S.K.: 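For reference, the structure I am asking about is given below.
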Amino acid sequence: MSLVSTAPYTYTPLNLLKEGTIANVYGVVKFFKPPYVSKGTDYCSVVTIVDQTNVKLTCMLFSGNYEALPIIYKVGDIVRFHRLKIQVYKNELQGINCSGFASLTFEGTVGMPVTARTSSKVFSFTPQDQKMVEALRVWASKHISASSTLVQLCDVQPMQYYDLTCQLLGKAQVDSTAFLLKVWDGTQTLLPSWRVSTQDLTFEGDLSHIERLQSLVVDILVYDNHVQVARSIEVGCFLRLYSLHTKLQPGNSETSSSESLRLEFHLHGGTSYGRGIRVLPDTSPCVDQLKKALEGANLPVTETSTGICQSENVDSSTLSSKDNL
């Protein structure tokens, strides 16, 4: 990745955009959907941005290359879009990518290094760009609410939706519509978590290492349109899962004690509320925080734990894979 020297670009405030034009814009991410497989062969990402004019613009971005779409991690990130086509959809202006479209994404937190996220090997970035990013950071700190849905496993409660940053330890295809991810973030859920049996599955990952970690590992089932992305993720990668659903299901115990309850994790099909998966690079600040948590994790001393449910078969046909919001 390298910088190139070019003539300065002109950036249009969002309140001055006109239908039928191709514009360069800066904005703060107010809502986004991680790249997902569209009805065709391309990946699609939806991004709603806002700037100091308080005007919002929703952008529908398509690409055959997952990595070519904006690399957004959370609400509050700052994006720069070059050659964004402006059109009208349902009586509102909308941005779509066209030939030559390019994007940069920046951390939106005041004081953080201004480092661009992009799949482009060459791009321009001037002192004026630096000033625009820093000005948007200051404005966003006063006008954009930070996402409160990002949690650690130790803070998860049932019947809620969360964003989770974690490391992938193992994976397996359950059936044509469901895929298993075994992950951890260095903390342990307050309630015991369910276990999906891998006995009859083609499992990828170090099961002996997973067994040593015991109750620090949780099983997540992802469904439908997320399966293709999940299948492509390499074991050991760092992930963020968006709008992950936690549920409670009675365990095998014949007692009615709360100790028999199990915590389930589902990433349902569809993209409502930004539901999706994003692979995080090792260099991102959130991964640095996660690595520290993993290094400082309190690893189980014994080989068995009463805080974890025994392995059992989970019938994926009984699990909802559709949007249920």
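Just so you know, these numbers come straight off a predicted model, no measurement behind them. FYI, the numbering just counts along the sequence from 1. Values below: all heavy atoms of this structure, side chains included; hydrogens, waters and symmetry mates excluded.
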S.K.: Would you find a donor on one side and an acceptor on the other, under 3.5 Å apart, between the side chain of Asn225 and the backbone of Gly269?
M.R.: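 Pair absent, no side-chain N/O of Asn225 close to backbone of Gly269.
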
S.K.: Regarding Ser63 and Asn65, is there a side-chain donor-to-acceptor distance under 3.5 Å anywhere?
M.R.: no

S.K.: Would you give the length of the straight line joining atom NZ of Lys33 to atom OG of Ser243, rounded to the nearest 0.5 angstrom?
M.R.: 10.5 Å

S.K.: Classify the ring geometry between Trp139 and His143 as parallel (under 30°), tilted (30 to 60°) or perpendicular (over 60°).
M.R.: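 Answer is parallel, since the angle falls under 30°.
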
S.K.: Using the side-chain contact (heavy atoms from CB on, under 4.5 Å) rule, take Val88 and Leu93 through it: C-alpha gap first, then chi angles, then the decisive distance, then the call.
M.R.: CA-CA 4 Å; Val88 172; Leu93 290 181; 3.8 Å; yes

S.K.: Cluster question for you: counting only ILVMFWY and a side-chain heavy-atom cut-off of under 4.5 Å, with indirect links fine, are Leu17 and Ile49 together?
M.R.: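 They do share one cluster, since a chain of ILVMFWY contacts under 4.5 Å joins Leu17 to Ile49.
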
S.K.: Would a single hydrophobic cluster contain both Val138 and Met132, if residues Ile, Leu, Val, Met, Phe, Trp and Tyr are joined by side-chain heavy-atom contacts under 4.5 Å?
M.R.: no

S.K.: State plainly whether one hydrophobic cluster holds both Met159 and Leu190, where clusters connect Ile, Leu, Val, Met, Phe, Trp and Tyr through side-chain heavy atoms under 4.5 angstrom apart.
M.R.: no

S.K.: I'd like to know whether CD of Gln130 has more than 12 heavy-atom contacts from other residues, nucleotides or ligands below 6.0 angstrom.
M.R.: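 Counting neighbours around CD of Gln130, more than 12 heavy atoms of other residues, nucleotides or ligands fall under 6.0 Å, so yes.
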
S.K.: For the SG atom of Cys166 and the CH2 atom of Trp184, what is their distance to the nearest 0.5 Å?
M.R.: 11.5 Å

S.K.: How far apart are the C-alpha atoms of Met60 and Cys44, what are their side-chain angles, what is the distance that settles it, and do they pass the side-chain contact (heavy atoms from CB on, under 4.5 Å) test?
M.R.: CA-CA 7 Å; Met60 295 286 295; Cys44 175; 3.9 Å; yes

S.K.: OG/Ser103 to CD1/Ile71 distance, rounded to the nearest 0.5 angstrom?
M.R.: 7.0 Å

S.K.: Are the side chains of Arg275 and Tyr223 in contact, using a 4.5 Å heavy-atom criterion?
M.R.: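 When only atoms from C-beta onward are counted, Arg275 and Tyr223 do not touch, as no gap falls below 4.5 Å.
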
S.K.: Quick one: are Leu213 and Ile210 in side-chain contact, heavy atoms under 4.5 Å?
M.R.: no

S.K.: Checking Gln152 side chain against Cys154 main chain: does a donor-acceptor pair fall under 3.5 Å?
M.R.: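 Not at all, since once roles are kept as given, no pair shorter than 3.5 Å links the two residues.
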
S.K.: Using a strict cut-off of less than 4.0 Å between a Lys/Arg side-chain nitrogen and an Asp/Glu carboxylate oxygen, indicate whether Asp77 and Arg117 qualify as a salt bridge.
M.R.: yes

S.K.: Ignoring hydrogens, what is the shortest heavy-atom contact between Ala23 and Thr12? Give both atom names and the distance.
M.R.: CB-OG1, 4.2 Å

S.K.: Tell me whether the count of non-hydrogen atoms from other residues, nucleotides or ligands lying under 6.0 Å of NZ in Lys292 goes above 12.
M.R.: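 Check fails, neighbour count at 12 or below.
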
S.K.: Can you tell me how far apart CG (Leu290) and OG (Ser284) are? Round to the nearest 0.5 Å.
M.R.: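 Here the rounded value is 9.0 Å.
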
S.K.: Quick check: does any side chain N or O of Arg231 sit under 3.5 Å from a backbone N or O of Gln173, one acting as donor and the other as acceptor?
M.R.: no

S.K.: Can you tell me how far the OG1 atom of Thr105 sits from the CD1 atom of Ile78, to the nearest 0.5 Å?
M.R.: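 Interatomic distance, Thr105 OG1 to Ile78 CD1, rounded to 0.5 Å: 10.0 Å.
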
S.K.: How about Glu134 and Phe106: do any of their side-chain heavy atoms sit closer than 4.5 Å?
M.R.: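 No, every pair of side-chain atoms sits at 4.5 Å or beyond.
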
S.K.: Do Thr53 side-chain atoms and Pro13 backbone N/O form a donor-acceptor pair below 3.5 Å?
M.R.: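 Between the backbone of Pro13 and the side chain of Thr53 there is no qualifying donor-acceptor contact (under 3.5 Å).
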
S.K.: Test your reading of the model: is there a side-chain donor-acceptor pair from His226 to the backbone of His268, 3.5 Å cut-off?
M.R.: yes

S.K.: Looking at Glu204 and Lys182, is there a salt bridge between them, counting it only when a charged N and a carboxylate O are closer than 4.0 Å?
M.R.: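 A salt bridge is absent here (no side-chain N lies under 4.0 Å from a carboxylate O).
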
S.K.: Looking at Tyr162 and Gln157, would you say the former's side chain and the latter's main chain have a donor-acceptor pair under 3.5 Å?
M.R.: yes

S.K.: Restricting to non-hydrogen atoms, name the atom on Asn24 and the atom on His82 that form the minimum distance, rounded to 0.1 Å.
M.R.: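 What the structure gives for the nearest pair is OD1-CA, 3.3 Å.
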
S.K.: Under the side-chain contact (heavy atoms from CB on, under 4.5 Å) rule, what do Gln87 and Ile96 come out as? Steps first, then yes or no, please.
M.R.: CA-CA 8 Å; Gln87 62 182 21; Ile96 60 172; 3.3 Å; yes

S.K.: Assess the pair His266 and Tyr161: is the distance between their ring centroids shorter than 6.0 Å?
M.R.: no

S.K.: Any chance the side chains of Thr126 and Gln128 put a donor and an acceptor closer than 3.5 Å?
M.R.: no

S.K.: Flag the pair Val183 / Phe265 as yes when at least one side-chain heavy-atom distance between them is below 4.5 Å, and no otherwise.
M.R.: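 Result no, sub-4.5 Å side-chain heavy-atom pair not found.
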
S.K.: Between Ser193 and Arg195, is any side-chain donor less than 3.5 angstrom from a side-chain acceptor?
M.R.: yes

S.K.: Are Val110 and Val114 connected into the same hydrophobic cluster when the rule is that any two of I, L, V, M, F, W, Y join if their side-chain heavy atoms are below 4.5 Å apart?
M.R.: no

S.K.: Do Lys171 side-chain atoms and Ile233 backbone N/O form a donor-acceptor pair below 3.5 Å?
M.R.: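 A pair under 3.5 Å: yes.
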
S.K.: Which pair of non-hydrogen atoms, one from Gly236 and one from Gln167, has the smallest distance, and what is that distance?
M.R.: O-NE2, 3.1 Å

S.K.: Indicate, with yes or no, if Val217 and Leu299 share a hydrophobic cluster defined by side-chain heavy-atom contacts under 4.5 Å among Ile, Leu, Val, Met, Phe, Trp and Tyr.
M.R.: yes

S.K.: Quick one: closest heavy-atom pair of Asp185 and Thr165, and the distance?
M.R.: CB-O, 3.5 Å

S.K.: Could you go step by step and tell me if Val227 and Thr177 meet the side-chain contact (heavy atoms from CB on, under 4.5 Å) rule?
M.R.: CA-CA 7 Å; Val227 169; Thr177 63; 5.8 Å; no

S.K.: More than 12 foreign heavy atoms under 6.0 Å from OH of Tyr89: is that the case here?
M.R.: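 Incorrect, the count does not exceed 12.
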
S.K.: Apply the side chain to side chain contact (heavy atoms under 4.5 Å, CB included) test between Val174 and each candidate in Leu201, Thr198, Asp200; give the one that qualifies.
M.R.: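 Filter result, single survivor: Leu201.
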
S.K.: Which heavy atom of Phe101 sits nearest a heavy atom of Arg83, and at what distance?
M.R.: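 Nearest pair, atom of Phe101 first, then Arg83: CD1-O, 3.8 Å.
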
S.K.: Quick check: closest heavy atoms across Ile72 and Tyr242, and the distance to 0.1 Å?
M.R.: O-OH, 3.8 Å

S.K.: Evaluate the side-chain proximity of Tyr26 to Asp51: yes if any heavy-atom separation is below 4.5 Å, no if none is.
M.R.: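 Result no, sub-4.5 Å side-chain heavy-atom pair not found.
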
S.K.: Hey, could you give me the CG/NZ distance between Leu57 and Lys30, rounded to the nearest 0.5 Å?
M.R.: 13.5 Å

S.K.: Any non-hydrogen side-chain atom of Ile220 less than 4.5 Å from a side-chain atom of Leu164?
M.R.: yes

S.K.: With side chains defined as the heavy atoms from C-beta onward, is the minimum distance between Phe32 and Thr48 less than 4.5 Å?
M.R.: no

S.K.: Does any non-hydrogen side-chain atom of Leu244 lie less than 4.5 Å from one of Val156?
M.R.: no

S.K.: With distance as the sole test, does Asn97 use its side chain to make a donor-acceptor pair with the main-chain N or O of Phe62 at under 3.5 Å?
M.R.: yes

